[in-house]
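Just below is one structure, and these are the notes that go with it.
Everything numeric in this text was worked out from a predicted model, so none of it was measured. Quick note: numbers below take in every heavy atom, side chains included, and nothing from hydrogens, waters or symmetry partners.
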Amino acid sequence: MVSMSKIATGNGHGENSPYFDGWKAYEVNPFHAIDRPDGVIQMGLAENQLCFEFIKKWLMEHPEASLCTPEGVYKFKETALFQDYHGMPEFRQAVAKFMGKVRGDRVKFDPDRIVMSGGATGAHEMVAFCLADPGEALLVPTPYYPGFDRDLRWRTGIELVPVICESCNNFQITRNALEAAYEKAEEANLRVKGLLITNPSNPLGTIMDRGTLRSIVRFVNEKNIHLIGDEIYAATVFKDPDFVSISEVIDEVECNRDLIHIVYSLSKDMGFPGFRVGIVYSYNDAVVNCARKMSSYGLVSSQTQHLVATMLNDDDFVDNFIVESKEQLFKRHKYFTWSLSQVGIGSLRSNGGLFIWMDLRKVLKEMTFEGEMDLWRVIINEVKLNVSPGSSFHCQEPGWFRVCFANMEDSTLEVALSRIRTFILNNNDAIVPRKLCRRSSLKPSLSRSLSRRMDDFVSPTGITSPQSPLVRART
């Protein structure tokens, strides 16, 4: 037998996870309205498909953005020839300007600190290589994106230490939780090199307020560890309160800016995951220089740089796109969560992302992770929906599921909702009331009309309060 490396023969990729198993189930039997009406509907892919018609219209009006048109072919030779790893100046300038616009122009970004990478996956690994050695650790609040186990650990050899967040306070990051995780790492003889936060959160769809971000900056500054802010969902915040970037907060709190780094991409905010546009933005000169050299292993194609630069340098398009995207996400989120509430399904209150954090704790036959997996298998194999169980996001409480809502057409969404309604109604007798955390309680109001805005279906605790007669009979 031919000998291979430990990386090649190990399972560090993290593919043996229900998160990826759901994708495999979809790939084997993908839903199609005509060809496969009984197939699995993909609700495990955080993809933004709601503005493609808007973008397509711009592309039709700007053929010069493509090198494969009579209007753009004059740029073909200079774009097709060698480009160094700094990236095209117009590309870096356009991305820096777009990052500022997404954050309400409350902060400006220096194009010379823009380092490109092959998507956020490559950007995260690049930062990890720059900041930590094998055997050292990053703190990561739970629940967190399952791909981090691959992106940050597989080839770098670093460890991830969970910061345990709980539903009792809507999974907010607290100073006590950070300190507990830091102490746990020390007890395990792990040297903590940094803290990774995702804001807006994947999978929660929530954002961090200024107070929380200030506390986090003070924490990393006191510990003298790095802060990586994953902000790839920044433009998906569709209603108040506004998104606050870590780049804004460091102007308000005394800190060592060499410790601050941002990961960004156009995969979620623009809906371009296939373009593989990832960005590292660091306030540390040494990290910028090292990351730029490392970016040679995952550059963005010059053709993509040209198209993106042309598009993002159109101020009118960008301004209108940001507004259009927010409106579309708001409408889809509102309709989706309201529809679920009609059959008693609640979710964590959220105002960003491309998904909801669905609460199925009362549907579990037993309040264990085994019970969660049993329910997930039923949803995958019988209901034929690929939703992602909370345990795959390292959630410490069973019964939560991430469900994506922006990656399909309206007609497909209706099929998914129909399947969910049928499943819940058929299993009504098996659904039992659950005990909530001491600090959390659902307070359904019998007098509210189901036609009100979705905000009316959210309790002060942040958990959507289902108001349907079905739920009132059970609670």
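In this structure, His261 has its ring center no closer than 6.0 Å to that of Tyr283. For an aromatic pair to be called close, the ring centres must be under 6.0 Å apart, and Phe109 with Tyr281 satisfies this.
Electrostatic pairing of Glu248 and Arg103 does not count as a salt bridge here, judged by no charged N lying under 4.0 Å from a carboxylate O. Here Glu254 does not pair with Arg218 in a salt bridge; the nearest charged N to carboxylate O distance is not below 4.0 Å. Under 4.0 Å is where a charged nitrogen must lie from a carboxylate oxygen, and between Glu53 and Lys56 at least one such pair does. Taking 4.0 Å as the cut-off between side-chain N and carboxylate O, Glu61 and Lys57 count as a salt-bridged pair.
Defined by atom type and a distance below 3.5 Å, a donor-acceptor pair is missing between the side-chain atoms of Ser215 and Thr212.
Remark: the backbone N or O of Ile356 is not paired with any side-chain donor or acceptor of Ser347 at under 3.5 angstrom.
Residues passing the salt bridge (Lys or Arg N to Asp or Glu O under 4.0 Å) test with Lys6: none are found, sequence neighbours excluded. Among residues two or more places apart in sequence or in another chain, the side chain to side chain donor-acceptor pair (under 3.5 Å) test is passed with Ser17 by none. Among residues two or more places apart in sequence or in another chain, the side chain to side chain donor-acceptor pair (under 3.5 Å) test is passed with Asn256 by none. Looking at residues two or more places apart in sequence or on another chain, you find no salt bridge (Lys or Arg N to Asp or Glu O under 4.0 Å) involving Asp149.
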N/O donor-acceptor pairs under 3.5 Å from side chains in residues 188-197, not counting sequence neighbours:
| from | atom 1 | to | atom 2 | distance (Å) |
| --- | --- | --- | --- | --- |
| Arg191 | NH1 | Glu136 | OE2 | 3.3 |
| Lys193 | NZ | Leu131 | O | 2.9 |
| Lys193 | NZ | Glu136 | OE1 | 3.4 |

With a cut-off of 3.5 Å and sequence neighbours excluded, list every side-chain donor-acceptor pair involving residues 89-96.
| from | atom 1 | to | atom 2 | distance (Å) |
| --- | --- | --- | --- | --- |
| Arg92 | NE | His86 | O | 2.9 |
| Arg92 | NH1 | Pro111 | O | 3.2 |
| Arg92 | NH1 | Asp112 | OD1 | 3.3 |

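Gln303 CD: 12 or fewer foreign heavy atoms inside a 6.0 Å radius. Enclosure of atom NZ in Lys108 is not indicated, since only 12 or fewer non-hydrogen atoms of other residues, nucleotides or ligands lie within 6.0 angstrom.
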